[in-house]
Amino acid sequence: MQTPKQASLLKRYHLKNCLPRHVAIIMDGNGRWAKKRHLPRIAGHRAGALSIREIVRLCGELGIEALTLYAFSTENWKRPRQEVRLLMQLLKQYLRSEVEELKQNNVRLGTIGNTQDLPDEIREELKKAMTATAHCTGLRLILALSYSGRADLTRAVREIAKLAASKKLDPSNLKEETITKALSTRDLPEVDLLIRTSGEFRVSNFLLWELAYSEFHITKTLWPDFRTPHFISALKDFQGRQRRFGGVESVVGSVTTWAH
Ligand code: FPP
């Protein structure tokens, strides 16, 4: 159900009603943003956190159901120790400073990824923020932390294999849905739109199974510069696409009416 505020936002930004239900973003280019300004890399990450704040608020206001942000990949652990430490600090600050804003905007925080790899203090902070927003019914903000699409698939396959070994599942009855339901994204809508900033054409081990039918929007804009107008452009790009889901009929219209 669209609220009058959502309707007026769509009008203000000249958007159609057919918004993606789930947007995923590969936030890239923080380092290059900082380099261009002769600043340390962490300055780019800090500016990137401000983009997160703005985009989360906007998604909530527009009535998008889920936003998944690639905040830290398993590969990111290979970065210099100092950068990893500062990124963790920034995440902690973000969680502390944003929790009230998330609550006010009815945003429920969740995570995907190997969060057990994160430092204890970060896990504590995440737990607090998730508990504080557990009652929120608006946007679901999912932070992918120590995330790897292949690792999530491997874990899912392992679980399924165990079920088969204990005869709780007949392998000949294995359906795509069995895999979808074993992934950490199981309770989220299909990813309708993937945005990647900084112009790279890669999925970088993000949501490998879940991106099967997603529309991709790649922009050269670096993540710290990616703000409301850029997100609106991505939505307009999405709304101009013809989604066929492998079929022949071209469909333009509300994703809420599209069968995935
Ligand atoms: C990639 O930029 C960005 C990341 C490592 C992840 C995104 C992290 C943030 C936006 C920081 C704040 C996060 C939270 C959740 C508060 P890059 O360093 O790879 O950029 P480059 O490719 O230009 O070097």
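Order of appearance sets the numbers: ligands from 1, and atoms from 1 within every ligand.
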**Asked** Any side-chain heavy atom of Ile52 sitting closer than 4.5 Å to one from Leu141?
**Response** no
**Asked** Taking heavy atoms and a distance under 4.0 Å, where does Gln93 meet ligand 1: side chain, backbone, both or neither?
**Response** neither
**Asked** Between Glu125 and Arg96, does at least one N-O distance fall below 4.0 Å, as a salt bridge requires?
**Response** yes
**Asked** Got the closest protein heavy atom to atom 16 (C) of ligand 1, with its distance?
**Response** Tyr94 CB, 3.5 Å
**Request:** Find all atoms of ligand 1 within a distance of less than 4.0 Å from any non-hydrogen atom belonging to Gly31, and give their numbers and elements.
**Result:** 17 (P), 18 (O), 20 (O), 21 (P), 23 (O), 24 (O)
**Asked** With atoms numbered from 1 as shown, which atoms in ligand 1 lie under 4.0 angstrom from a non-hydrogen atom of Ala71?
**Response** 6 (C), 7 (C), 8 (C), 15 (C)
**Item:** Under-4.0 Å heavy-atom contact with ligand 1, by part of Leu222 that carries it
**Value:** neither
**Prompt:** Arg41 heavy atoms, cut-off 4.0 Å: which ligand 1 atoms fall inside?
**Reply:** 17 (P), 18 (O), 24 (O)
**Request:** Return the set of residues passing salt bridge (Lys or Arg N to Asp or Glu O under 4.0 Å) with Arg202 (not counting sequence neighbours), or none when no residue passes.
**Result:** Glu200
**Prompt:** So which bit of Trp223 gets within less than 4.0 Å of ligand 1, heavy atoms only: side chain, backbone, both or neither?
**Reply:** side chain
**Message:** Within the structure provided, determine whether Asn106 and Leu139 are in side-chain contact (heavy-atom separation under 4.5 Å).
**Reply:** no
**Message:** Among all the protein's non-hydrogen atoms, which is closest to atom 8 (C) of ligand 1, and how far away is it?
**Reply:** Asn30 ND2, 3.6 Å
**Request:** For the residue pair Trp77 and Phe72, categorise the inter-ring angle as parallel (less than 30°), tilted (30 to 60°) or perpendicular (more than 60°).
**Result:** perpendicular
**Request:** Look at ligand 1 and say whether Arg79 reaches it with a heavy atom at a distance under 4.0 Å.
**Result:** yes
**Message:** Quick one, Tyr147 and Leu207 - any side-chain contact, counting heavy atoms below 4.5 Å?
**Reply:** yes
**Request:** Write out the residue and atom name of the closest protein heavy atom to atom 1 (C) of ligand 1, then the distance separating them to 0.1 Å.
**Result:** Met27 O, 3.3 Å
**Request:** Please write down residue, atom name and distance for the protein heavy atom closest to atom 22 (O) of ligand 1.
**Result:** Arg32 NH2, 2.9 Å
**Message:** Can a side-chain donor-acceptor contact be found between Arg108 and Thr137 if the only test is distance below 3.5 angstrom?
**Reply:** no
**Request:** Ignoring angles and geometry beyond distance, decide whether Asp28 reaches within less than 3.5 Å of ligand 1 through its nitrogen or oxygen atoms.
**Result:** yes
**side-chain hydrogen bond (donor to acceptor under 3.5 Å, both in side chains) contacts touching residues 155-165 (sequence neighbours left out)** = Asp152-Arg155, Arg155-Glu159
**Prompt:** Just which atoms of ligand 1 are under 4.0 Å from any heavy atom in Leu91?
**Reply:** 15 (C)
**Asked** Which of the atoms of ligand 1 are close to Leu90, meaning less than 4.0 Å from one of its heavy atoms?
**Response** 11 (C), 12 (C)
**Complete:** of all protein heavy atoms, closest to atom 11 (C) of ligand 1 is His45 O, 3.6 Å
**Request:** Please name the residue in the list Asp225, Thr197, Asp28 that meets the side chain to side chain donor-acceptor pair (under 3.5 Å) test with Trp33.
**Result:** Asp225
**Request:** Give, for atom OH of Tyr70 and atom CG of Leu145, the distance between the pair rounded to the nearest 0.5 Å.
**Result:** 11.0 Å
**Asked** Where is the nearest protein heavy atom to atom 13 (C) of ligand 1: which residue, which atom, and how far?
**Response** Ile52 CD1, 3.7 Å
